[in-house]
Amino acid sequence: MKQNSQPTTEAGKGLGTVLVAAPVHSVLTEGLGGLGYNCVVREDITQAMAYELISDCVGVVTSTRLQLDKELIDAAPKLRWIGRMGSGMEVIDVAYAKQKGIACFASPEGNCDAVAEHALGMLLSLLRRITWSHTEIRNGLWRREENRGMELGGKTVAIIGYGHAGSAFARKLQGFDIRILAYDKYAPENIPPYIINCENLVPVYENADIISFHVPFQPDTLHYFNEYFITKMRKPFILVNTSRGAVVDTGALLAGMANGKVAGACLDVLEKEPLSAMGVDLQRGINQQIALPNLLLTPHIAGYTFEALYKMSKALLDKISACPAE
């Protein structure tokens, strides 16, 4: 269901044009219109089209469709701010934008609960073989013993990246009888008492049964999960990734699953999306592994709920409203 079908909202006070290059809730476009902006909504925009539309824009709202790189920013001499639906500021050259006095906003608080729920749902589905056994029943199979699952209770879950999504995932896990480890290179403050804060990855390597990534994509997180990471793990474990696909080295993951070091994986994101965009060898490897019950994939929908669309839009509106208009 489309949340906003209006192509534009007319400005009353003439603050300028905003290119909305992402699906947003009408709370954002109507709110921006109320502030005096004229919103031009182009959800299906391409990078090439953006150059034609952005020259007179004072603001841009994007998700993953546009790369606000140096070239596109330079094509928008009037640009004052960029809003990102969700997290993942890698789509924006933030340093260059700030150098030019352009404010950059994200809204990770808007979809962190959606991401956390999805991560938990995938994990429970894998452990209890819910999706797998459901598919078997649809195919006329009724297998109880073969689908005996494992309980989450009693496990040690390591959360890598304790920001909005990571902390939301930890909150969702509170109701289970588990140990929760958290590691974040930025040493977050106010860690709640039910979390074991790790100063490095050693406790993760030594204790984790389940590892869930909630980190941004940046140079030091490219292939964060790799062959070295797998070899450091003391026991077989389950991987959950709802952050960015390139955080996981797919080849290393497939090799780890093949040799049993990785007991299972829940992936909402891939290095290249959709699956058909992956290289031939990796695509073949994923297709072979997905034929087994220990790999669960979803099409980058963890933060993609109706509620999150509203909350991200409202969070952006609040931040843009606080930004000086001139």
Side-chain angles (χ1 to χ4, degrees), residues 84 86-92 94-95 104-120 122-123 152 155-176 178-235 237-249 252-253 262 265-269 271 300 302-303 308 311-312 315 319:
R84 168 70 158 97
S87 55
M89 296 298 277
E90 73 273 7
V91 300
I92 303 168
V94 175
C104 297
F105 308 109
S107 51
E109 65 272 48
N111 68 350
C112 61
D113 282 317
V115 171
E117 286 186 4
H118 194 88
L120 180 56
M122 291 186 81
L123 178 57
L152 181 54
K155 304 294 190 296
T156 296
V157 179
I159 297 172
I160 299 180
Y162 194 76
H164 285 92
S167 58
F169 185 48
R171 290 193 298 272
K172 309 300 180 192
L173 292 170
Q174 279 188 84
F176 297 88
I178 61 175
R179 281 203 307 165
I180 306 174
L181 311 179
Y183 170 72
D184 193 305
K185 64 174 286 186
Y186 298 107
E189 299 178 353
N190 302 318
I191 298 287
Y194 60 87
I195 301 290
I196 300 172
N197 187 28
C198 302
E199 295 183 356
N200 54 54
L201 287 170
V202 173
V204 175
Y205 295 145
E206 293 182 350
N207 299 286
D209 300 294
I210 297 154
I211 297 171
S212 187
F213 278 92
H214 300 276
V215 296
F217 179 70
Q218 52 196 35
D220 63 343
T221 61
L222 173 63
H223 288 180
Y224 194 151
F225 180 88
N226 53 26
E227 183 180 1
Y228 174 80
F229 193 109
I230 295 172
T231 60
K232 296 292 288 184
M233 293 297 296
R234 185 176 63 84
K235 55 185 174 179
F237 63 96
I238 292 172
L239 170 70
V240 181
N241 186 22
T242 54
S243 59
R244 288 294 179 266
V247 168
V248 171
D249 182 334
L253 170 62
V262 182
C266 304
L267 306 177
D268 180 57
V269 287
E271 288 193 69
H300 204 150
K311 289 188 283 186
M312 289 186 292
K319 293 174 184 179

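Positions are given from 1 along the sequence. Both backbone and side-chain heavy atoms feed into the values below; hydrogens, waters and symmetry mates do not. All of these numbers come straight from a predicted model, not from anything done at the bench.
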- Message: Does the plane of the ring in Tyr205 sit parallel, tilted or perpendicular to the ring in Phe229? Use 30° and 60° as the thresholds.
- Response: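 Judged by the thresholds at 30° and 60°, the geometry between Tyr205 and Phe229 is perpendicular.
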
Measure the [atom1]-[atom2] distance between [X] and [Y] for me, rounded to the nearest 0.5 Å.
{"X": "Phe225", "Y": "Asn241", "atom1": "CZ", "atom2": "CG", "answer": "9.5 Å"}
{"X": "Ile211", "Y": "Met233", "atom1": "CD1", "atom2": "CE", "answer": "3.5 Å"}
{"X": "Asn207", "Y": "Arg179", "atom1": "CG", "atom2": "CZ", "answer": "4.5 Å"}
{"X": "Lys185", "Y": "Thr221", "atom1": "NZ", "atom2": "OG1", "answer": "8.5 Å"}
{"X": "Phe217", "Y": "Leu222", "atom1": "CZ", "atom2": "CG", "answer": "5.0 Å"}
{"X": "Leu181", "Y": "Glu206", "atom1": "CG", "atom2": "CD", "answer": "10.5 Å"}

Nearest heavy atoms of [X] and [Y], plus distance in Å:
{"X": "Arg244", "Y": "Gly88", "result": "NH2-CA, 3.3 Å"}
{"X": "Ala158", "Y": "Val204", "result": "CB-CG1, 3.8 Å"}
{"X": "Tyr162", "Y": "Ala170", "result": "CE1-CB, 4.0 Å"}
{"X": "Ile160", "Y": "Val215", "result": "O-CG1, 3.4 Å"}
{"X": "Ile195", "Y": "Ala182", "result": "CG2-CB, 3.5 Å"}
{"X": "Glu109", "Y": "Ala315", "result": "OE2-CB, 3.8 Å"}

Does any part of the side chain of [Y], heavy atoms only, come nearer than 4.5 Å to the side chain of [X], both counted from C-beta?
{"X": "Val247", "Y": "Val269", "value": "no"}
{"X": "Arg84", "Y": "Val91", "value": "yes"}
{"X": "Cys104", "Y": "Met89", "value": "yes"}
{"X": "Lys172", "Y": "Glu117", "value": "yes"}
{"X": "Leu239", "Y": "Leu267", "value": "yes"}
{"X": "His214", "Y": "His164", "value": "no"}
{"X": "Phe176", "Y": "Val157", "value": "no"}
{"X": "Phe169", "Y": "Val240", "value": "no"}

Evaluate side-chain contact (heavy atoms from CB on, under 4.5 Å) for Phe237 paired with Ile210, printing each intermediate quantity in order.
CA-CA 5 Å; Phe237 63 96; Ile210 297 154; over 6 Å; no

Check your understanding: For Lys232, does the NZ atom sit with more than 12 other heavy atoms under 6.0 Å from it, leaving out its own atoms?
Key -> no

Neighbour count above 12 (heavy atom, 6.0 Å) for Glu90 CD: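 Yes, because the 6.0 Å sphere around CD of Glu90 holds more than 12 heavy atoms from other groups.
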
Is there a donor-acceptor pair closer than 3.5 Å between any side-chain N or O of [X] and the backbone N or O of [Y]?
{"X": "Asp249", "Y": "Asn226", "value": "no"}
{"X": "Lys319", "Y": "Ala106", "value": "yes"}
{"X": "Asp209", "Y": "Lys155", "value": "no"}

_Evaluate Asp268 against Val115 for side-chain contact (heavy atoms from CB on, under 4.5 Å), listing each step before the verdict._
CA-CA 10 Å; Asp268 180 57; Val115 171; over 6 Å; no

* To do: Taking side chain to side chain contact (heavy atoms under 4.5 Å, CB included) as the test, write out the residues that go with Ala168, two or more places apart.
  =>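 Testing Ala168 for side chain to side chain contact (heavy atoms under 4.5 Å, CB included), a comparison that skips the adjacent residues, returns Cys112, Asp113, Ala116, Arg171.
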
